[in-house]
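The structure under discussion appears below in the form of structure tokens.
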Number of protein chains: 2
Amino acid sequence: MTDSLLVRRSPVKPCDCNLARSFELIGDRWTLLILRSAMYGVRRFDDFQAELDVPRSVLSARLAALVDAGIMEKREYREEGQRARVEYPLTEMGGELGLPFFAMTAWGDKWLGEGEPHFGLQSRANGQKLKVMLVDERGKPVKPRDIQYVVDKKVWPPEGADKPRRQPG
Amino acid sequence: MTDSLLVRRSPVKPCDCNLARSFELIGDRWTLLILRSAMYGVRRFDDFQAELDVPRSVLSARLAALVDAGIMEKREYREEGQRARVEYPLTEMGGELGLPFFAMTAWGDKWLGEGEPHFGLQSRANGQKLKVMLVDERGKPVKPRDIQYVVDKKVWPPEGADKPRRQPG
DNA sequence: AAGCCTGAGTTCATAATATGGACTTAACTG
DNA sequence: CAGTTAAGTCCATATTATGAACTCAGGCTT
């Protein structure tokens with residue numbers, strides 16, 4: 001009965017890892033906070049600036065990087081009888097960060113929250129609360145104990161070794 | 001038929017937001033990469049250092065912060081006939097970042113990946129691939145169109161306004 | 001027309017962090 | 001006893017962030 005295997009390297013090198021790549025793109029405090037606001041619908045330079053109190057020069061650089069990455073779009077728009085303005089809406093790519101962000105919100109609610117969380121999701125159809133889960137191909141929820149990592153079609157860590165100490169979920 | 005409402009502030013102030021709080025704790029490139037490796041089972045100082053090529057002084061500071069936050073634990077252990085060593089396993093709190101990280105991985109696979117992803121999850125019981133989804137209280141998957149934001153028990157954005165341009169999922 | 005306001009930035013001097021390499025310390029090992 | 005390994009610390013330099021002030025264009029007011 002060994003204690004759990006000593007894992008000395010990740011099975012996916014950081015440079016081949018889409019999680020690591022994502023973090024390269026958006027894994028920085030201001031970028032994440034900008035995206036949080038964007039997810040709620042904020043779109044204008046000065047509104048991001050006022051809400052987050054981010055230095056204007058940093059905001060400018062971060063928005064440019066997000067546009068460059070395809071996560072936001074820079075767009076001119078014109079309200080009735082107003083001059084043209086700039087807005088930064090999320091693209092489809094950016095919008096789909098909603099799921100990881102909501103999973104992260106749930107984590108924060110559980111581990112950092114005081115009292116009831118302010119924010120949640122519900123079904124428009126029946127008002128039921130929604131949560132993020134791991135499901136199998138039939139849509140059936142899976143228990144944490146039943147989860148295995150797979151790397152390049154092989155179970156990981158290799159046979160004989162214990163499973164990693166922690167599993168998602 | 002107005003164009004979508006101009007949202008000028010998030011409905012949850014950053015300082016009251018558990019998502020923003022999470023980002024304060026772990027929203028930094030090295031911290032995220034350290035946690036990625038930790039999720040795969042890496043636990044030792046030099047192994048994090050070698051895998052990520054992170055400056056030792058930065059690694060030291062980040063690990064201390066993660067321990068302080070309760071996300072990792074600093075622990076002495078001793079292998080058979082070896083001297084005592086230090087390891088940094090994830091706590092339960094840290095392990096539960098698996099779900100948001102996996103959601104993020106799926107996003108990266110879709111939008112940044114080239115070719116087939118290297119990493120996935122499967123059911124131990126039947127080998128089925130697993131994915132992250134939004135489900136209602138009965139465990140039924142929900143379509144993106146059917147999702148509403150709720151802030152302090154009220155639907156948001158307020159009635160009359162359009163929904164935010166993008167929805168999670 | 002002159003001056004004011006607003007949104008969306010840019011510029012720049014200073015402050016805070018990161019970086020990389022060398023150094024330290026405490027067990028073991030041959 | 002000298003060498004090695006793991007887990008750090010220390011420090012000079014380089015990079016990035018910060019905050020305040022400035023720019024610029026279009027529209028509004030009188």
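Throughout, a chain's letter reflects where its sequence line sits, starting with A, and its residues are numbered from 1.
Residues B:Arg44 and B:Asp46 are not in side-chain contact: their nearest non-hydrogen atoms beyond the backbone lie 4.5 Å or more apart.
Comparing C:dG20, C:dG7, D:dT18 against the side chain of B:Arg8 picks out C:dG7 as the nearest. Between C:dG9, D:dA6, D:dT18, one nucleotide has an atom nearer to the side chain of A:Val58 than all others, and that is D:dT18.
Taking atom CD of residue B:Glu87 and atom P of nucleotide D:dT5, one finds them 21 Å apart after rounding to whole Å. Atom CG in B:Leu52 sits roughly 15 Å away from atom C1' in C:dA18 (whole-Å rounding). Taking atom CD1 of B:Ile34 as the reference point, atom C1' of C:dA18 lies 13 Å away to the nearest angstrom. Nucleotide C:dT17 holds its P atom 14 Å from the CG atom of A:Asp28, rounded to whole Å. One atom, CZ of B:Arg83, and another, P of C:dT25, lie 15 Å apart when rounded to the nearest Å. B:Gln49 places its CD atom 12 Å from the C1' atom of C:dT19, with the value rounded to the nearest Å. Between the CG atom of B:Asp47 and the P atom of D:dT5 there is a distance of 14 Å, rounded to whole Å. In this structure, CD of B:Glu80 is placed 12 Å from P of C:dT29, rounded to the nearest angstrom.
Using a 4.0 Å heavy-atom cutoff across all strands shown, B:Tyr88 reaches sugar-phosphate atoms only and no base atom. Nucleic acid contact class of A:Arg62 (heavy atoms, under 4.0 Å, all strands): sugar-phosphate only. As judged by a 4.0 angstrom heavy-atom cut-off over every strand, B:Gln82 is placed among residues touching the sugar-phosphate backbone only. Among the atoms of the strands shown, only primed sugar atoms or phosphate atoms (P, OP1, OP2) are found under 4.0 Å from some heavy atom of A:Arg78.
Two different hydrophobic clusters hold B:Val150 and A:Met104 under the rule that ILVMFWY side chains link at heavy-atom gaps under 4.5 Å.
The nearest heavy atom of DNA chain D to B:Arg44 and to A:Asp53 marks one nucleotide each, and the one closer to the 5' end goes with B:Arg44.
Not one side-chain nitrogen or oxygen of B:Ser57 sits closer than 4.0 Å to the OP1 or OP2 atom of C:dA18. Not one side-chain nitrogen or oxygen of B:Trp30 sits closer than 4.0 Å to the OP1 or OP2 atom of C:dT17.
The existence of a salt bridge linking A:Arg83 and A:Glu76 is excluded, since no basic side-chain nitrogen approaches an acidic carboxylate oxygen closer than 4.0 Å. Taking 4.0 Å as the cut-off between side-chain N and carboxylate O, B:Glu137 and A:Lys129 do not count as a salt-bridged pair.
For a distance-only test at 3.5 Å, the side chain of B:Arg56 qualifies as a donor-acceptor partner of the base of D:dA7. The base of C:dG7 does not come close enough to the side chain of A:Arg85 for any donor and acceptor atom to sit less than 3.5 Å apart.
A distance of 6.0 Å or more separates the ring centres of A:Phe101 and A:Tyr40.
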